[in-house]
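As a basis for the values below, the full set of heavy atoms in this structure was taken, side chains included, without hydrogen atoms, waters or symmetry mates.
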Amino acid sequence: MEYRVVPFAASITQNDGAGKAAAQLQSLITQHAEERWEYVRLESVETNIAGSSGCFGFGASPSRTVSVSMIVFRR
């Protein structure tokens with residue numbers, strides 16, 4: 001069995017509802033289904049983004065943890 005994992009980030013505005021995000025996810029699933037990939041699940045992956053020390057401490061930023069959504073397909 002083969003697996004494919006692709007990132008997913010819905011692009012919605014403050015006035016859009018969850019329906020627009022769902023439609024974007026559905027579109028991506030349909031696109032991959034046309035290539036015979038079967039949707040398995042939506043996973044959340046946490047990763048750490050390193051901070052920077054800035055220039056002589058000015059503009060320094062701390063490291064932070066972010067969550068990224070990934071769609072898993074198989075065939």
Side-chain angles (χ1 to χ4, degrees):
M1 192 164 284
E2 288 181 86
Y3 289 90
R4 175 184 280 182
V5 179
V6 296
F8 174 72
S11 178
I12 60 174
T13 66
Q14 199 170 25
N15 296 327
D16 295 328
K20 185 170 181 183
Q24 291 173 26
L25 179 58
Q26 178 65 48
S27 176
L28 196 54
I29 291 170
T30 300
Q31 175 187 343
H32 284 82
E34 290 171 357
E35 299 175 23
R36 298 177 322 158
W37 289 99
E38 175 189 0
Y39 171 79
V40 177
R41 70 169 119 329
L42 183 65
E43 290 286 341
S44 180
V45 178
E46 286 190 1
T47 187
N48 186 50
I49 298 178
S52 69
S53 58
C55 183
F56 299 109
F58 294 103
S61 63
S63 63
R64 63 188 192 280
T65 301
V66 296
S67 182
V68 181
S69 295
M70 301 284 182
I71 306 173
V72 181
F73 296 95
R74 70 177 173 202
R75 65 174 173 192

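Every pair tested for ring-ring contact (aromatic ring centres under 6.0 Å, His included) that includes a residue from residues 8-27 fails, sequence neighbours excluded, so the list is empty. Screening residues 17-29 for salt bridge (charged side-chain N to carboxylate O under 4.0 Å, His left out) gives Asp16-Lys20 as the qualifying pairs, with residues at least two apart or on separate chains. The stretch residues 28-37 participates, sequence neighbours left out, in these salt bridge (charged side-chain N to carboxylate O under 4.0 Å, His left out) pairs: Arg4-Glu35. A salt bridge (charged side-chain N to carboxylate O under 4.0 Å, His left out) check over residues 60-75, counting only residues at least two apart or in different chains, returns the pairs Glu2-Arg75, Glu38-Arg74. Within the structure, salt bridge (charged side-chain N to carboxylate O under 4.0 Å, His left out) pairs that include any residue of residues 44-56 do not occur (at least two apart or interchain).
Taking the side-chain hydrogen bond (donor to acceptor under 3.5 Å, both in side chains) definition, one finds that Ser69 meets it with nothing, sequence neighbours left out. Judged as a side-chain contact (heavy atoms from CB on, under 4.5 Å), and not counting sequence neighbours, the contacts of Asn48 are Ser63, Thr65. In terms of the side-chain hydrogen bond (donor to acceptor under 3.5 Å, both in side chains) criterion, residue partners of Glu43 (sequence neighbours excluded) are, by chain and number, Arg41. Remark: Ala21 pairs with Ala10, Ile12 by the side-chain contact (heavy atoms from CB on, under 4.5 Å) rule, at least two apart or across chains. For Gln26, the side-chain hydrogen bond (donor to acceptor under 3.5 Å, both in side chains) criterion is met by Thr30, not counting sequence neighbours. Every residue meeting the side-chain hydrogen bond (donor to acceptor under 3.5 Å, both in side chains) condition with Ser67, not counting sequence neighbours, appears here in chain and number order: Ser44.
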* To do: Apply the test side chain to side chain contact (heavy atoms under 4.5 Å, CB included) to residues Val6 and Val72: give CA-CA distance (whole Å), side-chain angles for both, the deciding distance (0.1 Å), then the verdict.
  => CA-CA 7 Å; Val6 296; Val72 181; over 6 Å; no
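To the nearest 0.5 Å, atoms CG (Leu28) and CH2 (Trp37) are separated by 13.0 Å.
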Taking only distance into account, with no hydrogens and no angle test, what donor-acceptor pairs under 3.5 Å do side-chain atoms of residues 50-62 form with protein atoms, sequence neighbours excluded?
unit_1, atom_1, unit_2, atom_2, d
Ser52, OG, Ser61, OG, 3.3
Ser61, OG, Ser52, N, 3.3

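The aromatic rings of His32 and Phe73 sit parallel, their planes meeting at an angle under 30°, below the 60° perpendicular limit.
Side-chain contact check for Ile71 versus Val5: every heavy-atom pair is 4.5 Å or farther apart.
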